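These numbers were taken from a predicted model, which means no experiment stands behind them.
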Amino acid sequence: MDIEIELLSPFYRNLYDEMGEKVMLDIYNSYRGLTVNIPQKLYDPNKVREYIAFNYKEGSLSKKDMKKLVNQFGYSERHIYRMVKNNDKA
């Protein structure tokens with residue numbers, strides 16, 4: 001399929017520019033016409049909770065550990081603390 005790049009809709013043009021022709025066409029062929037909601041968080045919160053429960057106990061998180069988790073998973077310190085605290089009670 002020959003692509004007329006200058007005629008692409010803004011969405012597909014952005015995909016083309018950022019990810020290349022193959023990815024753009026894969027997305028077009030797989031999802032065209034659908035409404036797709038893309039989660040704000042990259043990681044599944046239940047799996048993150050399990051990961052934290054396996055690796056950390058309440059009171060064992062240092063400031064360095066907390067900062068690492070915040071940066072790694074994109075959750076706030078408060079949310080991560082709640083995950084640890086709730087897992088200790090389970």
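- Listed here is the closest heavy atom pair of Tyr16 and Glu21: CE1-CB, 3.6 Å.
- More than 12 heavy atoms of other residues, nucleotides or ligands sit less than 6.0 Å from atom NZ of Lys41.
- Residues Tyr43 and Gln72 approach most closely at CE1-O, 3.3 Å, considering heavy atoms.
- In this structure, CG on Leu15 lies 4.5 Å from CD1 on Ile27, to the nearest 0.5 angstrom.
- Counting only heavy atoms from C-beta outward, the side chains of Arg82 and Arg78 approach each other to under 4.5 Å.
- Atom CD of Gln40 is surrounded by 12 or fewer heavy atoms from other residues, nucleotides or ligands within 6.0 Å.
- Between the CE atom of Met24 and the CG atom of Asn14 there is a distance of 11.5 Å, given to the nearest 0.5 Å.
- If you chain together hydrophobic residues whose side chains sit under 4.5 Å apart, Leu8 and Val36 fall into the same group.
- A cation-pi arrangement is present between Arg32 and Tyr28, with the terminal nitrogen or guanidinium carbon under 6.0 Å from the aromatic centre and inside a 45° cone about the axis.
- Residues Lys64 and Lys68 have side chains not in contact (no heavy-atom distance under 4.5 Å, counting atoms from C-beta outward).
- To the nearest 0.5 Å, atoms OH (Tyr75) and CZ (Arg49) are separated by 8.0 Å.
- Taking CG from Asp44 and CD from Glu50, the interatomic distance works out to 8.0 Å, rounded to the nearest 0.5 Å.
- There is a path of hydrophobic side-chain contacts, each under 4.5 Å, that joins Tyr51 to Leu42.
- Minimum heavy-atom separation, Val70 to Ile80: N-CD1, 3.6 Å.
- Here the shortest heavy-atom pairing between Ser30 and Leu34 reads O-CD1, 4.3 Å.
- Asp65 places a side-chain heavy atom less than 4.5 Å from the side chain of Ser62.
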